[in-house]
Amino acid sequence: MADFDVQAARSQFPALQEDQVFLDNAGGSQTLGTAIEAIKDYLIKSNTQFGGGYKASKASASRYNEGVEAGAQFLNAQKDEIAYGSSTTQLLRNLSFTFQFEEGDEIVVSSIDHEANIAPWKDLASRLKLVLKSWTPQQNSTNPKLLPEELKSLLSSKTRLVTCTHASNVLGTIHDIKAIAKVVHTVPKALLCVDGVAYAPHRPLDVKELGVDFYVLSWYKIFGPHVAMLYGSRKAQEQMHSLGHFFNPHDTLEQKISLGSGYYELVQSIPAITSYLSPSGAGSWDKSASHESLLQETLLEYLNSKPDTITVYGERSADGKVRLPVISFKVAGRDSGEIVQALEQSTNFGFRWGAFYSNSLVNDFLGLGADGVIRVSMAHYNTLEEIKGFIEAFDAEISKKH
């Protein structure tokens, strides 16, 4: 395997030429230069509606279709199984309104997910008078995991939907989605909906191999613009009704769930991102995975060396098979926000504190207060020097007497 050239990767991102170290990548990555140029080019040359016989309209439709095709290939899906939307929050909310389950049917919802994959299903249960079951890890620890074996006891012949995250945007812990899907599908007609927002920027995806029914991600966290994408298998779509206008076709996922006309310039930029992440691209998964592992190993080695002072949430191991470089922790006796704000004022490191919309996890399960955790989320374009510099600055701050 060729060594990863981090400087070659960084050169593809205009924002990385500025004086800012970006360690809040789970909240939103920097945008690939070729994606930015594609958006600019579209708006200049083909910013029209589809359906016209004139040159610009044909170009607009063609470029949009290429974006849909690239998104589908990214997940090993078909074009009619893909829909774009303004955010994963909006797509999951829309999806919840396509289901027409019967009163008394059951849905199982992970309690340690981002609220985007919790709130729509609570609302669905209330609207349709469904039985809502909470999937909460049985072991009370700093590294809660969604285990297939624990899911089994929550399923019944009435289960229609199970929702969970591929990897928490707080913990970074990777869940065994393929094994979870097998358990879910022991119940006829039961569907599995997975939030892949935190996972997708770090690993290649194959929804067919995973066996999921629905999978959602955000391209603005995968080095692209602010647009999200939902996968829904052809089989799962049979249990949906369309939200579209009655006079329009309802054959594809996009036709069923995407409302109005939008995101043309954003969707057509997706091929630039998938090309960058391809085996021949500067951001190739094969090349970047070992670099990301080195970054998280370096930070975790420091954090784990101070067990009396720092509590790490999620896997303490740096093994890339069990966790992503999304690392959250708390310093004993210190307010998380206070530490972050102090370093923001004295350094050029950009990182965050709080619950990150995973309030049920951070506040309820982990029992943390309003200041939540400190989160450092890295991407392949971060350098080892940046992480070492962060550790030095962070250690100096928490060593101060307060």
Side-chain angles (χ1 to χ4, degrees), residues 25-27 29 74-76 88 109-114 116-118 135-139 141-151 162-184 192-218 221-222 231 277 285-301 303-304 312-329 356-358 360-362 365-366 373 375-380 382:
N25 295 288
S29 66
F74 183 74
L75 295 178
N76 188 30
T88 55
V109 178
S110 160
S111 65
I112 63 170
D113 274 36
H114 188 290
N117 203 27
I118 296 178
W135 183 9
T136 301
Q138 294 177 9
Q139 184 178 2
S141 74
T142 57
N143 183 29
K145 299 179 184 179
L146 298 172
L147 302 176
E149 286 300 315
E150 294 182 3
L151 174 63
V162 176
T163 71
C164 69
T165 184
H166 201 158
S168 166
N169 69 320
V170 172
L171 305 173
T173 300
I174 299 171
H175 295 119
D176 189 346
I177 295 301
K178 185 174 182 178
I180 289 172
K182 288 181 179 179
V183 171
V184 171
L192 174 62
C193 178
V194 177
D195 174 357
V197 172
Y199 184 90
H202 302 284
R203 302 286 188 276
L205 282 161
D206 185 335
V207 290
K208 305 302 183 183
E209 175 68 18
L210 291 173
V212 298
D213 300 293
F214 298 98
Y215 196 97
V216 68
L217 55 82
S218 292
K221 299 180 182 183
I222 318 176
Y231 158 79
L277 295 171
W285 301 113
D286 291 340
K287 299 174 185 175
S288 65
S290 59
H291 177 69
E292 284 193 349
S293 292
L294 175 61
L295 298 181
Q296 68 181 21
E297 179 182 3
T298 301
L299 180 56
L300 282 168
E301 182 179 8
L303 296 173
N304 288 332
V312 175
Y313 295 96
E315 290 282 355
R316 300 177 72 90
S317 168
D319 186 349
K321 295 179 181 179
V322 299
R323 72 132 54 243
L324 303 174
V326 178
I327 301 173
S328 296
F329 48 93
F356 305 99
Y357 298 92
S358 293
S360 295
L361 165 63
V362 174
F365 188 91
L366 298 177
V373 297
R375 185 181 71 181
V376 174
S377 50
M378 298 162 280
H380 68 282
N382 286 122

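Listed for the R203 side chain is no donor-acceptor partner under 3.5 Å among the backbone atoms of A289. Between the side chain of T298 and the main chain of L294, a donor-acceptor pair closer than 3.5 Å is present. The main-chain N or O of N382 is found under 3.5 Å from a side-chain atom of H291 such that the two form a donor-acceptor pair. With N25 contributing its side chain and S377 its backbone, the two residues share a donor-acceptor pair below 3.5 Å.
For T136, the side chain to side chain donor-acceptor pair (under 3.5 Å) criterion is met by S111, S134, not counting sequence neighbours.
Using modelled atom types, one finds no donor on one side chain facing an acceptor on the other under 3.5 Å when comparing D195 with T88.
Note on ring orientation: taking the six-membered ring where Trp is involved, the planes of H166 and Y215 are perpendicular (angle over 60°, cut-offs 30° and 60°).
In this structure, the side chains of L217 and Y199 stay at 4.5 Å or more apart for every pair of heavy atoms. Using a 4.5 Å heavy-atom cutoff, the side chains of V197 and N169 are not in contact.
One distance of note links CH2 of W135 with CG of L147; it measures 7.5 Å at 0.5 Å rounding. Going from atom NZ of K287 over to atom NE2 of H380 covers 11.5 Å, rounded to the nearest 0.5 Å.
When all heavy atoms of L361 and P144 are compared, the closest pair comes out as CD1-CG, 3.9 Å.
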Q.
Could you walk me through whether V373 and F356 satisfy the side chain to side chain contact (heavy atoms under 4.5 Å, CB included) test, starting with their C-alpha distance in whole Å, then the side-chain angles of each, then the deciding distance to 0.1 Å, before giving a yes or no?
A. CA-CA 9 Å; V373 297; F356 305 99; 3.9 Å; yes
